[in-house]
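Values in this document were obtained by computation on a predicted structure and should not be read as measured data.
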Amino acid sequence: SPSEIGQWCEDNGVDAWFRMGGDLAVASAPAHEGGWDAMLAIAERLAVDGAHVGLVARSADALEEVAGRIRAHGGGATALAADVTDPEASRAAVRRFVGLQGRVDVLVNNAGVAYTVGIENETLEQFELALEVNTTAVWHLVKLIAPHMVERGDGSIVNVASMLGH
């Protein structure tokens with residue numbers, strides 16, 4: 001519910017980030033299930049504060065569920081199924097959101113992959129996927145959306161990092 005979301009955001013220091021009032025935000029979702037709680041809280045908080053949220057993740061069903069929850073509480077949300085590691089899919093998602101909403105005011109890069117194995121057990125494939133999702137996909141989304149913000153002279157980009165990096 002909006003009050004639970006507001007409390008989670010306040011408890012976790014997120015409240016001060018978001019004062020939307022009609023802004024249009026795009027948020028990417030994490031690849032791992034544990035990060036969906038944060039994604040849901042961020043997306044719902046953006047919507048509660050007046051943003052129309054574009055949700056980007058690979059799972060169309062999960063995105064539609066999140067978007068439905070936001071709409072059920074009176075917020076605006078668009079599910080944009082795309083794999084952020086695929087530049088063309090990311091481009092299509094951004095193009096669709098801008099086509100529907102006209103602009104992007106806020107980008108929240110929340111997609112991420114983390115493995116909790118020691119370096120001696122991590123595979124090259126795991127490392128490469130983490131690099132692709134955690135770094136390259138962030139760069140692609142910023143590169144796609146920042147020009148819209150620069151053109152208008154306004155916008156915000158929030159890159160969410162993992163506690164595993166400390």
Side-chain angles (χ1 to χ4, degrees), residues 1-2 4-6 8-9 12 14-113 129 132-162:
S1 75
E4 291 169 341
I5 296 160
W8 184 93
C9 289
N12 290 281
V14 177
D15 191 53
W17 294 355
F18 305 118
R19 296 288 183 260
M20 300 283 81
D23 284 353
L24 301 162
V26 170
S28 62
H32 58 90
E33 190 174 308
W36 275 87
D37 290 342
M39 169 61 178
L40 179 59
I42 290 168
E44 288 185 344
R45 183 56 191 228
L46 286 164
V48 164
D49 283 348
H52 183 101
V53 183
L55 304 161
V56 181
R58 291 180 299 183
S59 173
D61 292 340
L63 284 175
E64 214 32 75
E65 184 179 325
V66 172
R69 284 182 59 172
I70 290 170
R71 289 190 292 263
H73 287 80
T78 302
L80 303 161
D83 180 346
V84 296
T85 65
D86 176 348
E88 290 307 314
S90 294
R91 182 176 287 107
V94 170
R95 189 178 301 127
R96 179 169 175 240
F97 187 79
V98 171
L100 291 170
Q101 301 301 322
R103 67 183 197 279
V104 177
D105 299 309
V106 178
L107 168 62
V108 180
N109 280 309
N110 188 55
V113 171
L129 179 61
E132 192 172 9
V133 173
N134 299 345
T135 305
T136 308
V138 170
W139 179 84
H140 279 294
L141 285 170
V142 169
K143 188 166 178 63
L144 290 167
I145 291 175
H148 297 276
M149 296 175 174
V150 170
E151 183 179 309
R152 283 192 344 276
D154 191 27
S156 297
I157 297 172
V158 178
N159 294 319
V160 179
S162 170

Full working for side-chain contact (heavy atoms from CB on, under 4.5 Å) between Val94 and Leu141: CA-CA 8 Å; Val94 170; Leu141 285 170; 4.2 Å; yes

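- Between Ala79 and Leu63, the shortest heavy-atom contact is CB-CB, 3.8 Å.
- Residues Ala82 and Ala89 share a closest heavy-atom pair of CB-O, 3.6 Å.
- Each of Ile145, Val138, Val158, Asn159 was checked for a side chain to side chain contact (heavy atoms under 4.5 Å, CB included) with Leu107, and the lone residue meeting it is Ile145.
- Interatomic distance, Leu100 CG to His52 NE2, rounded to the nearest 0.5 Å: 7.0 Å.
- In terms of the salt bridge (charged side-chain N to carboxylate O under 4.0 Å, His left out) criterion, Arg95 has no residue partners (sequence neighbours excluded).
- Thr136 contributes atom OG1, which lies 10.5 Å from atom CG of Leu129 (distance to the nearest 0.5 angstrom).
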Please assess Arg91 against Glu88 for the test side-chain contact (heavy atoms from CB on, under 4.5 Å), listing each intermediate value before the final yes or no. CA-CA 5 Å; Arg91 182 176 287 107; Glu88 290 307 314; 2.5 Å; yes

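- Atom OG1 of Thr78 is separated from atom CD of Glu64 by 9.0 Å, given to the nearest 0.5 angstrom.
- The minimum heavy-atom distance between Phe97 and Leu80, with the atom names listed, is CB-CD1, 3.8 Å.
- Nearest heavy-atom pair across Val84 and Ala111 is CG2-CB, 4.1 Å.
- When all heavy atoms of Ile70 and Ala77 are compared, the pair lying nearest together is CG2-CB, 3.8 Å.
- Between atom CG of residue Asp86 and atom CZ of residue Arg58 there is a gap of 11.5 Å, rounded to the nearest 0.5 Å.
- Atom CZ of residue Arg96 and atom CD of residue Gln101 lie 10.0 Å apart, to the nearest 0.5 angstrom.
- Across all their heavy atoms, Val104 and Met149 have their closest contact at O-CG, 3.8 Å.
- Inter-residue side-chain proximity for Glu132 and Val113 is flagged as unmet; no heavy-atom pair is nearer than 4.5 Å.
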